[in-house]
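Written below as structure tokens is the structure these notes are about.
The model shown is predicted, which means the values in this text are computed figures rather than measured ones.
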Amino acid sequence: MVEIKLKKGKEKAVYQRHPWVFSGALDKVKGKPENGDVVRLVDANGDFLAYGYYNDQSRVAVRLIEWNEETTIDADWYEQKIKTAIAGRAHLLADKETTASRLVFSEADFLPGLIVDRYADFLSVQILSSGIEKAKDIIIDVLVKLLQPKGIFDRSDATARTHEGITAENGLLWGETPEEFIEVKENGIKYHINIAEGQKSGFYCDQRDNRNILASYTKGKSVLDCFSYSGGFSLNAFAQGAAEVTSVDSSALAIETLKQNIDLNKFDTNKHIAIQSDVNKQLRQFNDEGKKFDVVVLDPPKYAPSRSALDRAARAYKDLNRRGLLLLESGGLLATFSCSGAVDIETFKQIIAWAALDAGKEVQIIKQFCQPEDHPVRLSFPEGEYLKGLLLRVV
């Protein structure tokens, strides 16, 4: 096995079980590893530290997967890791009221670059590192053995794969191709989702708990759901007795899927307005019209994919939340989220404070939102905590 030696003093994070080793920490590469190969990482004295995936095209030169020197990284190792990850989520799917869940969450499950989501009888997989790409056939065999899905579909993110020096993939990996829309349930609510063409892996399981929590505040209220996608917050609001819901998304596919989901759950279409529009533009229009809502939901896409984008993202978050707050009167609620890992919760609170000041609103934080248990966070890898949110009341 190829051996990678660290520069002196660069081993602290490895001892703390952080899974990333950046290229600047490497001293010597003994051998000629291919990208994705499992390598042996040693300290400046040559003592074993960990095993990991090597990649000379990525800023993260080694993604660590195993700290026990006696362990062999083979098919049995992958099966055990995947089996453990699946077992930790089994209770979420046990009552059949939820049939959509994340089963493997990358570094959190010691498989950096592998994401597996279950949607009813299908699996949607993202392969985002060269190491997982190299082990893909083993991983597919393990998933088939453990889960017996109807099909496994690849929804690997093109940008992440480019950073790893591997080409983008999107297509069937095993079994049947899913129909254009398949039906799943989340907390008893039905959804039609599009695995092949929908956003990310087809659905956002990470808001499962937050949708349910927020819905408990919406009975008899008028709700504005921005970046609504397939309608998670909208549908939960209706399920809890919202008086009316307006859903806004720029995607025609998202709006069409949302309308299907309203019908699928037999909610009153007369109480629902679906608008295909840029959210910021629509918020400006609502403000110009003097429109007000009882509850506003802002769940935008990732504004800060890296720390270098943080300043620009902060401005975008501030402006978006300012516009949302302008549509609320005293007692109104704003549920606002960020899925940018580079934006921590304290930074997010500061951004929202600036937005409230600019909007001339005094607000209280009455609840904090986070990602659910099928998106766990390893204490040794805090970067895995990407989703955060606040429920604010205008006073």
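Under a hydrophobic clustering in which Ile, Leu, Val, Met, Phe, Trp and Tyr are joined whenever their side-chain heavy atoms come within less than 4.5 Å, directly or via other members, Val296 and Leu392 fall into the same cluster. Note on Ile127 and Val144: same hydrophobic cluster, where clusters join Ile, Leu, Val, Met, Phe, Trp and Tyr whose side-chain heavy atoms are under 4.5 Å apart, directly or indirectly.
Look at Lys136 and Glu133 and you find a salt bridge, because one of the NZ, NE, NH1 or NH2 atoms lies within 4.0 Å of a carboxylate O, short of that distance. The pair Lys349-Glu346 counts as a salt bridge, with a side-chain nitrogen and a carboxylate oxygen less than 4.0 angstrom apart. In this structure, Lys134 pairs ionically with Asp37, as a charged nitrogen and a carboxylate oxygen lie closer than 4.0 Å. Ionic pairing of Asp319 and Arg315 is not present here: no N-O contact between side-chain nitrogen and carboxylate oxygen is shorter than 4.0 angstrom. A salt bridge links Glu69 with Arg40: at least one charged nitrogen is closer than 4.0 Å to a carboxylate oxygen. Residues Arg208 and Asp374 are paired through a salt bridge, judged by an N-O separation under 4.0 Å between the basic side chain and the carboxylate.
Ser380 and Gln16 form no side-chain donor-acceptor contact under 3.5 Å, judged by distance and modelled atom types alone. Asp206 and Tyr386 share a donor-acceptor pair across their side chains, judged by distance under 3.5 Å alone. Between the side chains of Ser130 and Asn35, no donor N or O sits under 3.5 Å from an acceptor N or O. Ser234 and Ser228 form no side-chain donor-acceptor contact under 3.5 Å, judged by distance and modelled atom types alone. Defined by atom type and a distance below 3.5 Å, a donor-acceptor pair is missing between the side-chain atoms of Ser250 and Asp278. For the residue pair Ser338 and Tyr317, a side-chain donor N or O sits within less than 3.5 Å of a side-chain acceptor on the partner.
Applying the 6.0 Å contact sphere to CZ of Arg284 captures more than 12 heavy atoms from other residues, nucleotides or ligands. Other residues, nucleotides and ligands contribute only 12 or fewer heavy atoms inside 6.0 Å of the CD atom of Glu329. Within a 6.0 Å radius of CD in Glu34, other residues, nucleotides and ligands contribute 12 heavy atoms or fewer. Taking a 6.0 Å sphere around CD of Glu179, one finds it holds 12 or fewer heavy atoms contributed by other residues, nucleotides or ligands.
Atoms NZ and CG, from Lys190 and Asp263 in turn, are 12.5 Å apart once rounded to the nearest 0.5 Å. Note that CG of Leu258 and CG of Leu235 are 6.5 Å apart. Values are rounded to the nearest 0.5 Å. Between the CD atom of Gln207 and the CG atom of Asn236 there is a distance of 10.5 Å, given to the nearest 0.5 Å.
A distance of 6.0 Å or more separates the ring centres of Phe153 and Phe122.
When all heavy atoms of Leu49 and Asp43 are compared, the pair lying nearest together is CD1-N, 3.6 Å. Scanning both residues, Ala274 and Ile255, for their nearest heavy atoms gives CB-CG2, 4.0 Å. The minimum heavy-atom distance linking Asp249 with Phe227 is given by the pair OD2-C, 3.4 Å. A pairwise comparison of heavy atoms in Ala61 and Ser23 identifies CB-CA, 3.7 Å as the closest pair. Annotation for Thr246 and Phe286: closest pair CG2-CZ, 4.1 Å, computed over non-hydrogen atoms. Scanning both residues, Val223 and Ala237, for their nearest heavy atoms gives CG2-CB, 4.3 Å.
Ring geometry for Phe381 against Trp20 counts as perpendicular: the plane angle is over 60°, on a 0 to 90° scale with 30° as the lower cut. Aromatic ring pairs are classed by plane angle as parallel below 30°, tilted from 30° to 60° and perpendicular above 60°; the pair Tyr53 and Tyr78 is parallel.
In summary, of the residues considered (Arg378, Arg102, Arg89), a salt bridge (charged side-chain N to carboxylate O under 4.0 Å, His left out) with Asp109 occurs for Arg89 alone.
Phe369 does not carry Lys367 over the face of its six-membered ring by the limits of under 6.0 Å from the centre and within 45° of the normal.
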